[in-house]
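All of these numbers come straight from a predicted model, not from anything done at the bench. Worth knowing before you read on, the calculation uses all heavy atoms, side chains too, and leaves out hydrogens, waters and symmetry mates.
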Amino acid sequence: MATGVDQAVGMSLVVFSLLLFTYYSVWVIVLPFVDSDHVLHKYFLPREYSVILPGIAAVILLLCIGAFTAVVIWKNRKPKKVD
């Protein structure tokens, strides 16, 4: 069973993910239909960042997965037998 700290960390990650998803969804789906002089626009970055930032995050994620895979393969390789 998880401790109280583990549950608190898990809940904070869930809340952070929900907030990030909601922010991004409003930014990408709702904001294009709102007038450009509306006060809501001051809380969001320019629209081109809605493509750039997830792209950078995807590249970083792929690099981390590749580095992790390389480390695991490197540590699990067997030495060659010398006859």
* Asked: Linking I/L/V/M/F/W/Y whenever their side-chain heavy atoms sit closer than 4.5 Å, directly or via other members, would Val5 and Leu13 fall into one cluster?
  -> yes
* Structure fact -> Applying side-chain hydrogen bond (donor to acceptor under 3.5 Å, both in side chains) to Asp6 and not counting sequence neighbours gives Thr3
* Structure fact -> Note: with side-chain heavy atoms under 4.5 Å as the link, the other cluster members for Val51 come out as none
Taking only distance into account, with no hydrogens and no angle test, what donor-acceptor pairs under 3.5 Å do side-chain atoms of residues 31-47 form with protein atoms, sequence neighbours excluded?
unit_1	atom_1	unit_2	atom_2	d
His38	ND1	Leu40	N	3.0
His41	NE2	Val34	O	3.3
His41	NE2	Asp35	O	3.0

* Should side-chain heavy atoms under 4.5 Å link Ile, Leu, Val, Met, Phe, Trp and Tyr, which residues sit in the same cluster as Ile73? -> none
* To do: Would you please name every residue forming a ring-ring contact (aromatic ring centres under 6.0 Å, His included) with Tyr24, sequence neighbours left out?
  => Trp27
* Give the other cluster members for Phe21, using side-chain heavy-atom distances under 4.5 Å between Ile, Leu, Val, Met, Phe, Trp and Tyr residues; answer none if it is isolated. => none
